[in-house]
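Since the structure is predicted, the reported quantities are computational estimates derived from the model, not experimental observations. To find a chain, count down the sequence lines: A is the first, B the second, and so on, and within it residues start at 1.
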Amino acid sequence: MTATLKASRTKAAWVQEWAEVVAQTGDHDVYKLTLRAPEIARRAVAGQFVEVRPVAGRGSAAVDPLLRRPFSICEIRPDEGIITLIYRVVGRGTAVMASVTAGQELNVMGPLGHSFPDPATGRGMLVLVGGGLGIPPMVAAAARARAEAPDRCVTAILGARHVGFLAGAEELAATGVPAAIMTDDGSAGHQGFVTAPLKELLDAAGAGCEVWACGPEGMLMAVKELCRAAGAPCFVSVERHMACGFGACIGCTVPKSGEPGFWKACQDGPVFLAEEVELGG
Amino acid sequence: MTATLKASRTKAAWVQEWAEVVAQTGDHDVYKLTLRAPEIARRAVAGQFVEVRPVAGRGSAAVDPLLRRPFSICEIRPDEGIITLIYRVVGRGTAVMASVTAGQELNVMGPLGHSFPDPATGRGMLVLVGGGLGIPPMVAAAARARAEAPDRCVTAILGARHVGFLAGAEELAATGVPAAIMTDDGSAGHQGFVTAPLKELLDAAGAGCEVWACGPEGMLMAVKELCRAAGAPCFVSVERHMACGFGACIGCTVPKSGEPGFWKACQDGPVFLAEEVELGG
Amino acid sequence: MADLSTELCGIRFKNPVWTASGCFGYGREFADVFPLSELGAICVKGTAPEPWVGNKGTRVVETPGGMLNAIGLQNPGIDYFLNVDWPWLREQGATVIVNIVGRTVAEYVAVARRLEGSGVAAVELNISCPNVKEGGLAFGTSLKGAAEVTAAVRKATSLPLMVKLSPNVTNIVDFAKAVEDAGADAVTLINTLLGMSVDIRKRKPVLGNLFGGLSGPGVKPVALRMVWQVAGAVKIPVVGIGGIMTGADAVEFLMAGARAVQVGTACFVNPRAPIDVINGIAAFMAETGVSRVADLVGAARPAAGAEGNLPALGREAGTKPAKVATGETADALRQFMKDSDRF
Amino acid sequence: MADLSTELCGIRFKNPVWTASGCFGYGREFADVFPLSELGAICVKGTAPEPWVGNKGTRVVETPGGMLNAIGLQNPGIDYFLNVDWPWLREQGATVIVNIVGRTVAEYVAVARRLEGSGVAAVELNISCPNVKEGGLAFGTSLKGAAEVTAAVRKATSLPLMVKLSPNVTNIVDFAKAVEDAGADAVTLINTLLGMSVDIRKRKPVLGNLFGGLSGPGVKPVALRMVWQVAGAVKIPVVGIGGIMTGADAVEFLMAGARAVQVGTACFVNPRAPIDVINGIAAFMAETGVSRVADLVGAARPAAGAEGNLPALGREAGTKPAKVATGETADALRQFMKDSDRF
Ligand SMILES: Cc1cc2nc3c(=O)[nH]c(=O)nc-3n(C[C@H](O)[C@H](O)[C@H](O)COP(=O)(O)OP(=O)(O)OC[C@H]3O[C@@H](n4cnc5c(N)ncnc54)[C@H](O)[C@@H]3O)c2cc1C
Ligand SMILES: Cc1cc2nc3c(=O)[nH]c(=O)nc-3n(C[C@H](O)[C@H](O)[C@H](O)COP(=O)(O)OP(=O)(O)OC[C@H]3O[C@@H](n4cnc5c(N)ncnc54)[C@H](O)[C@@H]3O)c2cc1C
Ligand SMILES: Cc1cc2nc3c(=O)[nH]c(=O)nc-3n(C[C@H](O)[C@H](O)[C@H](O)COP(=O)(O)O)c2cc1C
Ligand SMILES: Cc1cc2nc3c(=O)[nH]c(=O)nc-3n(C[C@H](O)[C@H](O)[C@H](O)COP(=O)(O)O)c2cc1C
Ligand code: FES
Ligand code: FES
């Protein structure tokens with residue numbers, strides 16, 4: 001079954017598009033970027049990501065920040081040619097992106113990498129686990145599951161340090177997928193970690209669950225271990241520093257589990273079958 | 001007399017300001033930037049320049065383009081706290097500046113360097129010679145001459161390769177100073193170089209003229225030579241690559257005339273008494 | 001239409017724009033972006049006798065105007081290349097140069113031998129990778145080592161032999177001369193500068209490997225300087241790399257004396273970069289009236305060192321303005337105004 | 001309030017942020033921007049026995065993420081410094097380190113002698129200026145020369161003796177050790193990398209001097225790597241320079257092992273840069289609970305090489321996450337979430 005699930009992940013041919021910034025909202029910490037990128041919107045599948053040049057404008061010859069920045073696609077609206085991204089300002093690149101305003105253009109490559117599995121392929125309860133800025137891709141995942149596997153039971157567990165880091169939770173709620181909210185400090189939902197409700201679910205449904213997770217690598221390790229113990233198929237979306245995002249630099253490696261050698265997060269992932277990757281390495 | 005004129009150049013203490021972009025107009029070649037920079041507007045005198053960081057926005061940590069770019073101040077409106085600059089896109093820095101839009105903020109240092117002489121100090125006809133993007137500082141010069149030496153005869157000679165490179169000529173006309181226009185190809189005014197009408201004036205008035213010039217260094221050399229021959233005091237505004245613009249790097253040197261050693265264009269100039277600098281070196 | 005072709009090592013390349021080793025994989029990721037046959041050549045990822053697994057931990061990080069990499073020469077080995085990648089590349093009509101890495105002289109020789117008669121255009125010895133102890137840097141920073149590995153491969157192959165030099169040396173010219181004397185047909189420079197980056201939150205180096213190779217636009221001035229120095233000191237052709245993002249960057253290298261250039265890091269940011277660079281060179285030539293790339297090579301060098309014939313126009317534009325006497329004003333002005341970007 | 005002071009060569013500096021030679025003149029241009037006494041120290045422009053006139057032609061040009069300079073060590077000479085600049089600097093309450101340049105060992109010695117008893121804090125030998133034949137690069141790229149000039153100045157002065165090293169060498173550690181053995185009290189690194197830029201319109205090098213020194217953020221990774229290498233190899237303190245624009249950049253150097261840093265090119269872009277860097281370091285210390293700058297020095301180095309005591313918190317944050325068993329999930333998660341910037 002896991003092999004079938006793994007095979008049901010989509011990998012599309014990517015394009016490079018000048019995307020118009022339709023809107024950018026947020027405060028100085030977390031931003032939501034709405035982009036008109038019709039070709040990417042047409043091809044993208046939940047779990048895939050885009051690579052954004054932080055500097056706006058076609059004319060810009062500025063070479064700093066130099067590299068593109070990878071972001072998971074949060075919402076996909078092919079009819080309108082729209083995708084959205086939610087990101088947190090953590091360094092120089094995202095700081096520059098945050099200064100971009102509606103009407104400007106950003107150069108975007110995508111959709112890149114493998115999506116989450118086809119929600120119609122799996123069986124049993126689908127559990128989406130998103131931690132912090134791991135929530136955005138779960139929005140697309142929830143929307144796809146609702147649309148393409150309407151009869152399947154889908155539930156989300158979203159966690160963050162603090163209520164301020166739950167960006168994407170509203171968008172996820174809007175898909176109709178129910179979500180348990182966990183915060184470290186109890187500032188929203190329940191106090192605690194995503195692993196608590198996940199463990200409850202797995203204790204109850206065990207191998208009857210399929211789990212997709214995105215978040216800090218420590219959380220992914222914990223989720224992977226819980227799923228292994230419960231015999232539930234588990235997919236994790238993994239982040240790595242990337243120079244290219246499309247397989248050319250071999251910079252984004254994730255050690256293979258149980259054998260020597262590496263996967264490329266950008267091409268073989270970012271969504272991996274958890275048992276095939278060595279996390280934290 | 002030339003010593004008195006030289007001494008009448010203003011050098012003010014400079015400030016660093018976040019200037020709001022009130023407007024930016026132009027096509028992909030020549031742009032006019034209107035900045036709200038009250039402190040600089042209050043201090044600036046015709047002939048002085050500003051140093052602009054090409055990258056907009058307080059938050060930007062981008063380090064390319066790295067250095068500031070020097071631009072002569074074109075118009076000074078202290079009451080409104082406004083200065084304007086006219087510039088041509090020639091490289092990476094100006095290309096980035098051209099993408100800046102109204103409402104954004106640019107970091108500007110100024111006013112820097114020595115101004116043109118006090119127009120009320122000199123005697124006789126004041127001739128302003130501007131070549132291409134040497135025209136903008138002549139706008140401020142003409143305005144000051146009109147305001148502070150209303151009885152003095154002031155005339156301008158503006159030249160450019162082509163009508164498209166006469167930016168600032170309209171602003172200059174608006175000061176009420178009459179201008180002879182010369183273009184290489186006759187696409188505006190007369191066909192020919194600024195030296196032709198200048199030579200006529202000097203032949204007629206000779207040492208009765210005072211000449212201020214800004215433009216390509218070859219033009220400055222020709223103007224200097226004509227003035228020398230005619231015995232007319234001549235001031236030239238000189239351009240040099242600058243790393244700092246305020247005297248710290250010794251990067252902007254202009255050889256002294258007749259003695260070893262260098263002036264700093266940013267501190268001792270950019271407006272020099274022509275006979276004191278060795279042009280083309 | 002301008003003649004973009006360039007001749008090196010007895011081969012006429014369609015144009016002087018090649019892709020740099022390690023920045024273009026084996027071409028597969030780019031085949032949908034543009035036809036690989038449009039490139040002057042592809043220098044494939046550094047290839048060893050056996051597969052190399054590469055470094056652990058974070059391998060790449062951005063730096064101001066550049067990036068560090070510590071890939072550790074992960075590569076599938078020469079067998080895989082010959083069985084899988086090369087036939088495919090050949091089908092694409094690509095001109096291929098194989099970048100070779102080894103732990104010992106014998107390993108370099110082994111890979112070179114395997115390529116004999118394969119149909120690849122040339123081999124390029126990477127004696128300069130800063131990221132693995134065995135990646136050749138030992139050869140690249142020792143004159144004796146550099147000469148030794150070059151001479152050994154020279155004996156083992158009839159293919160044109162390029163040697164890629166490390167910039168992490170006091171005197172690059174010595175290295176260029178050493179490999180020229182040892183039989184190299186061309187030198188490629190530069191490989192990456194050795195650098196590092198610190199994660200101040202985690203209080204440790206960012207890269208798993210501690211140090212990495214610095215590439216990208218920030219290193220261009222160093223690369224240009226070395227190309228200039230070497231092109232003036234050796235008789236074999238020089239291939240320039242380092243921070244090329246645009247056609248204008250490439251023209252700088254050509255004018256400094258490079259007979260061809262390689263585009264590396266730029267391919268990550270803009271997969272079409274090599275094509276944009278080709279078009280940029282062509283546009284510059286059209287604009288300045290240069291008909292052959294060869295006429296750009298060395299054009300910024302003092303006359304003696306310049307190769308090819310500089311068109312008169314270019315020469316004039318490069319001439320320092322003489323002092324102007326009043327009578328000659330008009331003509332002189334015309335010239336100066338041409339010189340000035342902004343008039 | 002955090003303790004920003006740092007100790008080197010027996011002197012306690014108010015803070016570890018100094019201005020780099022050649023990028024701050026003799027302080028005059030900055031005195032209206034902030035009180036010069038707020039700086040850890042000012043390294044004045046390279047000063048010779050007699051005035052030097054400097055290079056002709058274009059002296060500075062921007063490059064991607066950096067700049068090239070070929071000032072040619074223009075300076076007014078030691079007499080002018082002692083008669084005019086030094087009394088003024090003293091009045092400002094500035095701590096001053098005199099950067100010395102010379103054409104011969106005797107010239108370095110002559111300047112050092114003149115400074116004896118003047119009250120300046122230290123001398124810094126610039127044996128690494130790439131822009132003039134006589135600017136010391138001959139000393140800076142020869143181990144023997146570096147040791148010789150250091151030993152001679154050592155004999156001539158009782159002032160703390162710092163030697164500023166050139167990065168244009170194969171092995172920086174050898175140079176650091178050579179000057180340490182010859183009696184240097186500290187090493188400063190790096191000076192500029194040798195580079196060039198070509199004006200493709202004029203078909204000639206941009207700089208009048210052909211080559212120039214590359215500085216600015218683009219060189220930071222090279223500078224950091226050299227600081228790391230040298231700090232692990234010598235016992236004397238290391239002062240780090242190269243591309244520092246922000247407090248975070250400075251912390252990288254401190255964590256790599258530098259006891260102080262110098263801010264150069266940044267001063268041109270933002271005259272307040274040194275003060276912003278001081279404030280940035282203080283803010284980082286406050287945020288991460290570090291009370292003494294000394295606790296940052298070497299903090300990214302493996303324990304043996306680290307100086308000062310790392311606060312337990314920092315250590316933990318730097319620790320690689322161990323594998324997590326289900327039972328320990330909550331605690332482990334708490335730790336990982338702290339580690340993650342984005343959770
Ligand atoms: C597949 C994928 C999907 C992602 N999705 C999201 C998302 O939806 N929302 C979001 O906020 N973030 C997401 N990230 C993380 C995001 O890419 C980084 O936060 C961002 O690159 C930081 O850039 P910076 O310039 O602000 O940080 P800096 O620290 O200044 O970046 C320096 C360099 O390190 C890289 N880098 C730094 N942190 C990370 C990281 N965590 N992951 C990968 N590279 C990093 C940068 O790309 C850059 O090359 C995703 C990362 C990956 C790999
Ligand atoms: C005092 C002074 C006043 C000026 N006034 C004006 C003006 O009013 N309008 C206008 O269009 N231009 C003016 N210039 C020229 C203007 O500064 C340059 O055109 C501009 O710096 C080019 O920047 P860039 O990044 O587009 O070009 P690039 O060629 O990419 O610049 C690379 C580097 O070279 C420097 N540089 C390139 N050309 C020049 C130049 N001609 N003069 C000085 N530095 C240069 C840049 O500042 C930068 O550091 C003035 C220059 C000076 C010194
Ligand atoms: C990710 C990466 C991998 C590289 N791998 C190799 C390699 O395998 N062999 C080699 O000779 N050079 C390798 N290089 C060096 C490049 O070919 C080139 O010399 C260097 O990056 C400078 O050029 P650039 O600034 O255009 O990237 C690599 C560079 C990068 C960035
Ligand atoms: C314009 C300029 C002039 C310099 N002059 C000197 C000098 O006189 N003596 C010296 O030791 N270093 C000199 N340097 C080198 C700097 O002190 C410093 O080592 C180098 O610029 C790297 O630091 P940065 O990247 O912060 O600028 C000069 C650098 C620049 C940019
Ligand atoms: S990011 Fe370049 S191979 Fe994955
Ligand atoms: S530009 Fe720095 S001294 Fe003039």
- Query: Side chain, backbone, both or neither: which part of A:V96 has a non-hydrogen atom closer than 4.5 Å to chain B?
  - Reply: side chain

- Task: Check ring-ring contact (aromatic ring centres under 6.0 Å, His included) between B:F116 and all other residues, then give those that pass, not counting sequence neighbours.
- Result: B:W212

- Picking from A:P65, A:G103, A:A61, which has the most non-hydrogen pairs under 4.5 angstrom with chain B? A:A61

Quick one: donor-acceptor pairs between chain B and chain A, under 3.5 Å, side chains and backbone, table format.
| unit_1 | atom_1 | unit_2 | atom_2 | d |
| --- | --- | --- | --- | --- |
| B:A61 | O | A:R92 | NH1 | 3.2 |
| B:V63 | N | A:D64 | OD2 | 2.7 |
| B:D64 | OD2 | A:V63 | N | 2.7 |
| B:R92 | NH1 | A:A61 | O | 3.2 |

